[in-house]
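For reference, the structure discussed in these notes is given below.
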Amino acid sequence: MTLSEEELAEELADGTLTRPPSRARMVAGRFFRSTQGLIGFAVLALMFLLAFVGPLFSPWTYTDKDFTAFMQPPSARHWFGTLQTGSDVFAVTLRGMQKSLVVGLLAALVSTALAAVVGAFAGYFLGWTDRVLSWVTDLLLVLPAFLILAILSPLFGSGQWPLFVVMLALFLWMVTSKIVRGMAISVKEREFVQAARYMGVPPVRIIFRHVIPNLSSLLIVDATLNVSSAILTETSLSYFGFGIQPPDVSFGTLIADGSLTAVYAPWTFWFVAGLLVVTVLAVNLVGDALRDAFDPSSGKA
Amino acid sequence: MAGFLARRLLNYAVLVVVAASLAYLVAATALDPRSNYADRTPKPPPAVVDAQLTVLNLNDKTPLLQRYAVWAGGVLRGDFGKTVAGAPVNDDIKRRMGVTFRLVILGLVCGSLLGVLVGALAAVRQYGWFDRLSTGLSFLVLAVPVVVLANMLILAGAWANQHVFGRQVLLVSGEYSAGVEGLGSQVVDRLQHLVLPTISLSVGLIAVFSRYQRNMMLDVLGADFVRTARAKGLSRRRALTRHALRTAMIPVVTYFAFTFGALLTGATFTEKIFGWHGLGEQLINSIFSNDVNTVAAISLLAAVSVLCAALAADLLHAALDPRVRA
C-alpha cells in the first residue's frame, strides 16, 4: 500500500475527517478581514471597472472631437469637461487609464518573473553563475533606469507599446532579485530540496518546482508593489514624451497636456492626477495588506 | 578596512566604465543626429552633412566601434566631445553641474534628515497620533509621482501668491530672477526660487526614509542593549539617541545608496518642470535633439555620482558600525 492509498483508506474509515483550510484560503481570509486590504481591493476593482466598462456609458470615444465645445468645464454633455482640441476629458482619461493599468500590470508580471528566475539561479548555483548575475544586477542598478529608457525611446514609436513594457520591466527587477537570491540560498539547504537533489532531479527543474514556489509569498507581494512603480515610471516617461506615443494616450501624456492648462482649466489636470493617485494608492494598500496576510507577524512587530 | 575599501573602489571603477560605455553605445544606436539636418531649408547636400557629422564624431556611416573608440579616447583625456551644434560638451556640462549639485544636495540633506527624524519619532510613540499621521501621509506621498507633485506645487504656489501673500513670494520658474540688485535681495530671490523645487524633491525621500527608519527603530527599541543602557542609568532620551537611533540607522544608510539613482531621476523631473537649467533638463533636451555626446557625458556623470553615493554609504556604514571597521 502506497502512502496516498493509506491516506485514502484513513479518510474512508473516518468519514468525519475535515480537511485543514488551504493556505490560499487562510491568506485570503486574513487579507479580506483587514480594512486596508478591503478598501484597497474595492477601490482597485472599481478603477478597473471604470477603465474598462466606463467607456461603454459615455457617448464619446477618445478620438472624437466636439467642435462645438473647446475647453469647456464639466457639464451634463461632457462629464469631465473638454480639452482645447474638443476631446472629451472623461473618454480620454479612461482610455489613458486602460493603457496605464495594462502597461503597469504586464510590466510588473514580467519584472517579477525575471527577478525570480535570476535571483533563484544566482542563489541556487552560487559560484560563477552568481558572480555574473549579481554583477549584471549591480550594473543595472548603477544606470538610472529613466535615463536608459529615455535614450531608447526613439525605438518604440507609436504602436510599439509591448516593447515599451518589456523595457520597463527590464529596469524594475533588480532589488527583488537580490532579495530572492538571499532567500534561495537558505531554501537550497532545506530537506525537500536536498531530497530532490539526491533523487537525481535536474537542478533547473528543482528551481522551478521547489525553490521558486517556496518564495511565492514574497513574489506575489512584490509583483503587486511593482504594479505601482511600473505605473509611476510609465507616467513619468510618457509625461516627457518618452513612453506611450500619440495618438495613443496614457496617464503621463494626459497629465503633461493638462498641466499646461491647469491654471485656467483645472478639469484638464485634476481628474487625471486624482485618478492616478487613487489607483497607485489602492495598489500599495493591497500590496501592504497582502504582505501582512502572508506573514501576520511581520507588519505588526 | 583599507583592503575592503580598495576592493570596493576597484569594483565601482569597473562598473562606471562598463555603465558609461553601455550608455554611449545605446545612445549612439538609438539616437539619430542625421535627422537634425533633414528638415532644414534649404536642405544641405548629403556630402556636407556627412562631413559635418564626421567632424562631430556622430556619423552613422562610421562603424559604431570606431566612433566609440574616438569617444572613449577623448573621455580618457577629459574631453567629452562636441554637441550637435558644434560647441564643446565640457563647457556646457561644467556650467550646469553646479545648478544640479545645489538642488540635489539640498534635497538630499532635507529629505534624509527629516525622513530619519520623522521615522524615529513615529517609532518612539508607536500608534500615537504622530505615527498614524506620518504613516498616512507617507502612503499618500508615495502614490504621487514627482511630475504630478511638481505641477501641484506650482499650482499651489500660484494660488498662495494670489490669495495668501498677495504678492509673488513663491517663484516657480528658473533659478533666479534677472535684474535683482544687492546681495541681500539676491539671496532672498534665490531662496524664493528654491523653496518649491526642494519640497518637490525631498518629500518623496522623507516618505521612503521615514517608513524604513520607523520599521528599523521598532525592531531595535525592544532589544536588550537599549534596556541595558536604561538600566545603567542613561535617561530615556540619551538611550534612544545614542544607542537605539544609531543602531537603527545602519540599514537605512545602506538603503541610501539605492535611493540615490531615484533622487537623480527626481532631480531631472524637477529641473525640467521648474525650468532650472541643470544637467537633468539638458539630458531631456539632448535626447530630443539627438545629441549623443551630451547624453553620454550626463550618463557617465550619473553613474559616477550613484557610485560615489554607494561609497559614501559604505563609509557611513563603517562609521556607525564598529564591526565593519574591525
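Naming convention: chains lettered A, B, ... in sequence-line order (proteins, then strands); numbering from 1 in each chain.
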Between Thr29(B), Ile273(B), Val16(B), who has the most heavy-atom pairs with chain A when the cutoff is under 4.5 Å? Ile273(B)
Chain A interface, residue from Thr265(B), Leu22(B), Val292(B) that has the most non-hydrogen pairs under 4.5 Å: Thr265(B)
Spatial distance of atom CZ (Phe139(B)) from atom CG (Leu285(A)) [nearest 0.5 Å]: 5.5 Å
Phe240(A) vs Phe269(B) aromatic rings, parallel, tilted or perpendicular, using cut-offs 30° and 60°? parallel
I'd like to know whether CZ of Arg131(A) has more than 12 heavy-atom contacts from other residues, nucleotides or ligands below 6.0 angstrom. yes
What is the distance from atom CD1 of Ile255(A) to atom CE of Met152(B), rounded to the nearest 0.5 Å? 8.0 Å
Phe288(B) and Phe242(A) aromatic centres sub-6.0 Å: yes
Is any side-chain heavy atom of Val146(B) less than 4.5 Å from a side-chain heavy atom of Ser236(A)? no
Once rounded to the nearest 0.5 Å, what's the spacing between atom OG of Ser229(A) and atom CG of Leu142(B)? 11.0 Å
Step through the shown structure and confirm whether more than 12 heavy atoms of other residues, nucleotides or ligands are within 6.0 Å of CZ on Phe101(B). no
Straight-line distance of Leu147(A) CG to Leu264(B) CG, nearest 0.5 Å: 9.0 Å
Need one label for Asn11(B): side chain, backbone, both or neither, based on atoms under 4.5 Å from any heavy atom in chain A. side chain
Between Ala27(B), Ala30(B), Ala143(B), which shows the greatest number of heavy-atom pairs under 4.5 Å with chain A? Ala143(B)
Exercise: do Tyr239(A) and Asn151(B) side chains pair donor with acceptor under 3.5 Å: yes
At their closest point, which heavy atom of Ile151(A) faces which heavy atom of Val295(B), and how far apart are they? CD1-CG1, 3.3 Å
Please classify the contact of Leu15(B) with chain A as side chain, backbone, both or neither, using a heavy-atom distance under 4.5 Å. both
First locate atom CZ of Phe269(A), then atom CG of Leu155(B), and finally report the distance between them rounded to the nearest 0.5 Å. 5.5 Å
At their closest point, which heavy atom of Ala19(B) faces which heavy atom of Leu139(A), and how far apart are they? N-CD1, 3.8 Å
If one checks every heavy atom of Ile284(B) against chain A at 4.5 Å, the contacting part turns out to be both
